[in-house]
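Presented below is the structure to which this report refers.
All chains are named by letter (A, B, ...) in the order of the sequence lines, taking the proteins before the strands, and each is independently numbered beginning at 1.
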2 protein chains.
Amino acid sequence: MTGTLPTPISTETIARRVAVIKALAHPSRMLIAETLMKGEKCVCDLQALVGADMSTVSKHLTLMRSAGVLTCEKRGLNIYYRLACTCLGSFLRCLDELAPDSEACGTNCCD
Amino acid sequence: MTGTLPTPISTETIARRVAVIKALAHPSRMLIAETLMKGEKCVCDLQALVGADMSTVSKHLTLMRSAGVLTCEKRGLNIYYRLACTCLGSFLRCLDELAPDSEACGTNCCD
DNA sequence: AAACTACTTGGCAATATCGCCAAGCAGATG
DNA sequence: CATCTGCTTGGCGATATTGCCAAGTAGTTT
């Protein structure tokens, strides 16, 4: 169990994680994720929320779905999106506690 | 149509979260975060790990520190970086369970 | 103090992401 | 069937990210 183990994480795992993380790395997509934590919404609802062109919102949703963050279901004329990533809420709340650090250790110290 | 409720999350909160998420949204930075979960490392260690130019690694680290994901401390000739975001581990493990979804609901269905 | 070490910063080209418009498509409705 | 609705896709310019080289800095050693 102890000792020096070679990096036990594969490039594929890293890539998959990055794809999911990137699916959240945009203000509109973060807002969508936050909103969907309260329940499913159709694209038109999310468009109104985000305030961008519907095609833009649709592309955001496609990206998030491809990454596995969202799932969708068609009912009647609308397509309803919902969160697939249940662990997101607690993580985001944790992030909100995190303070940005402007202090450096090297040459770029400010005081 | 669902009820119209005013968005209870501020633009600033969204922006802060996105900054943190972006700090993880790159293969090298994800690998750095994963590695630092096991303990602090100096920049040269991380350079060897990532396999990029030291200046590149340094910029990644600066970005992560600015977002609040890392902290650093200078000891002797080296600068040691460590993870500041304690909730990252459980979130990443959760992400690893998440399956990417290639099935769509609209016109882009494949089968 | 000159040279060295460990790292950061500036600059710039290559690449990726973003967002709008226009066009397309499936299902519902007239 | 023709049209309308809700959404997706293609295309493309605008903007942001990435990574290397070169140059700079603070502390260390000789």
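- Contact between the side-chain N/O atoms of A:N78 and the OP1/OP2 oxygens of D:dT5 is not found at any separation under 4.0 Å.
- Across the protein-nucleic acid pair, B:L61 atom CG and C:dA6 atom C1' stand 13 Å apart, rounded to whole Å.
- Taking A:T71 as the reference, A:R82, A:A84, B:D101 meet the side chain to side chain contact (heavy atoms under 4.5 Å, CB included) condition, with sequence neighbours excluded.
- Using a 4.0 Å heavy-atom cutoff across all strands shown, A:Y81 reaches sugar-phosphate atoms only and no base atom.
- Using a 4.5 Å heavy-atom cutoff, the side chains of A:I21 and B:L95 are in contact.
- One N or O on the side chain of A:D53 and one on the backbone of A:S55 form a donor-acceptor pair closer than 3.5 Å.
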Worksheet entry | Contact letters for nucleotides 18-23 of chain C, in which S counts primed atoms plus P, OP1 and OP2 and B counts the base, heavy atoms under 4.0 Å | SSBBB-
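- By the SG-distance test at 2.5 Å, a disulfide connects B:C105 to A:C72.
- Between the P atom of D:dG19 and the CD1 atom of B:I32 lies a distance of 10 Å, rounded to the nearest Å.
- Atom CD1 in A:I79 sits roughly 12 Å away from atom C1' in D:dT5 (whole-Å rounding).
- Summarising the geometry, the separation between NZ on A:K74 and P on D:dG6 is reported as 11 Å, rounded to the nearest angstrom.
- Remark: B:R75 is positioned above the aromatic ring of B:Y80, its terminal NZ or CZ atom under 6.0 angstrom from the ring centre and at most 45 degrees off the axis.
- The nearest whole Å value for the distance from the CD atom in B:E40 to the P atom in C:dA6 is 16 Å.
- Note: CZ (B:R65) to P (C:dC7) measures 14 Å, nearest angstrom.
- Rounded to an integer number of Å, the gap from B:D45 CG to C:dC7 C1' is 13 Å.
- For the pair B:L77 CG and D:dT29 P, the computed distance is 6 Å after rounding to whole Å.
- Screening residues 24-34 of chain A for side-chain hydrogen bond (donor to acceptor under 3.5 Å, both in side chains) gives A:R29-A:H60, A:E34-B:R17 as the qualifying pairs, with residues at least two apart or on separate chains.
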